[in-house]
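I have placed the structure first, in the form of structure tokens, so that the comments after it can refer back to it.
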Amino acid sequence: MRASLRAKAILVCDDKIAKKGQGVGLSFYAFFANRNDDPDLLMEAAEWWIKTHALDHFEKAAKIRDMIKSGL
């Protein structure tokens with residue numbers, strides 16, 4: 001996953017956790033606007049989430065943030 005997407009994902013996770021607590025879940029769609037203006041980036045996130053790590057549709061934001069920070 002490219003560095004810019006990693007940084008954005010961490011910010012989104014941190015924001016969700018700050019607003020809704022440690023137990024809040026999200027999907028990779030949370031990293032994007034409600035329109036598909038960058039399909040390559042969306043597919044990159046989907047591949048990381050689904051193919052690389054076989055994650056469920058919704059996962060805990062804290063788990064995703066920690067995975068990304070650890071370099072996975």
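The analysis underlying the following values was restricted to heavy atoms, covering all of them including side chains, and did not include hydrogens, waters or symmetry mates. The shown structure was predicted, so the numbers you read here are calculated from the model rather than taken from an experiment.
Side-chain contact between R6 and W48 is present, with at least one heavy-atom pair separated by less than 4.5 Å.
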Inset, instruction - Starting from the C-alpha separation in whole Å, work towards a yes-or-no answer on side chain to side chain contact (heavy atoms under 4.5 Å, CB included) for F28 and L42. - result: CA-CA 8 Å; F28 65 89; L42 178 65; 3.9 Å; yes
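With rounding to the nearest 0.5 Å, the separation of NZ in K51 from CE in M43 is 8.0 Å. A distance of 4.5 Å separates CZ of R2 from CG of L41, quoted to the nearest 0.5 Å. Between the NZ atom of K16 and the CD1 atom of I64 there is a distance of 13.0 Å, given to the nearest 0.5 Å.
E47 places no side-chain N or O within 3.5 Å of a backbone atom of E44 that could act as its donor or acceptor partner. Here the side chain of K60 pairs no donor or acceptor atom with the backbone of G25 at under 3.5 angstrom.
At a threshold of 4.5 Å between side-chain heavy atoms, the hydrophobic network of Ile, Leu, Val, Met, Phe, Trp and Tyr places L72 and L5 in one connected group. A continuous path of hydrophobic side-chain contacts links Y29 to I10 [ILVMFWY only; heavy atoms under 4.5 Å]. Both I50 and F32 are assigned to one and the same hydrophobic cluster, defined by single-linkage of ILVMFWY side chains at heavy-atom distances under 4.5 Å. By the criterion of side-chain heavy atoms lying less than 4.5 angstrom apart, applied directly or through intervening Ile, Leu, Val, Met, Phe, Trp or Tyr residues, M67 is not grouped with F58; the two fall into different hydrophobic clusters. No continuous path of ILVMFWY side-chain contacts below 4.5 Å connects L55 to I17, so the two sit in separate hydrophobic clusters.
Contact record, R65 with C13: CB-CB, 3.8 Å, taken as the closest heavy-atom pair. For the pair A9 and I68, the tightest heavy-atom approach, listed with the atom from each and the gap, is CB-CD1, 3.5 Å.
The ring pair (Phe, Tyr, Trp, His ring centres under 6.0 Å) check on H57 picks up nothing, with sequence neighbours excluded.
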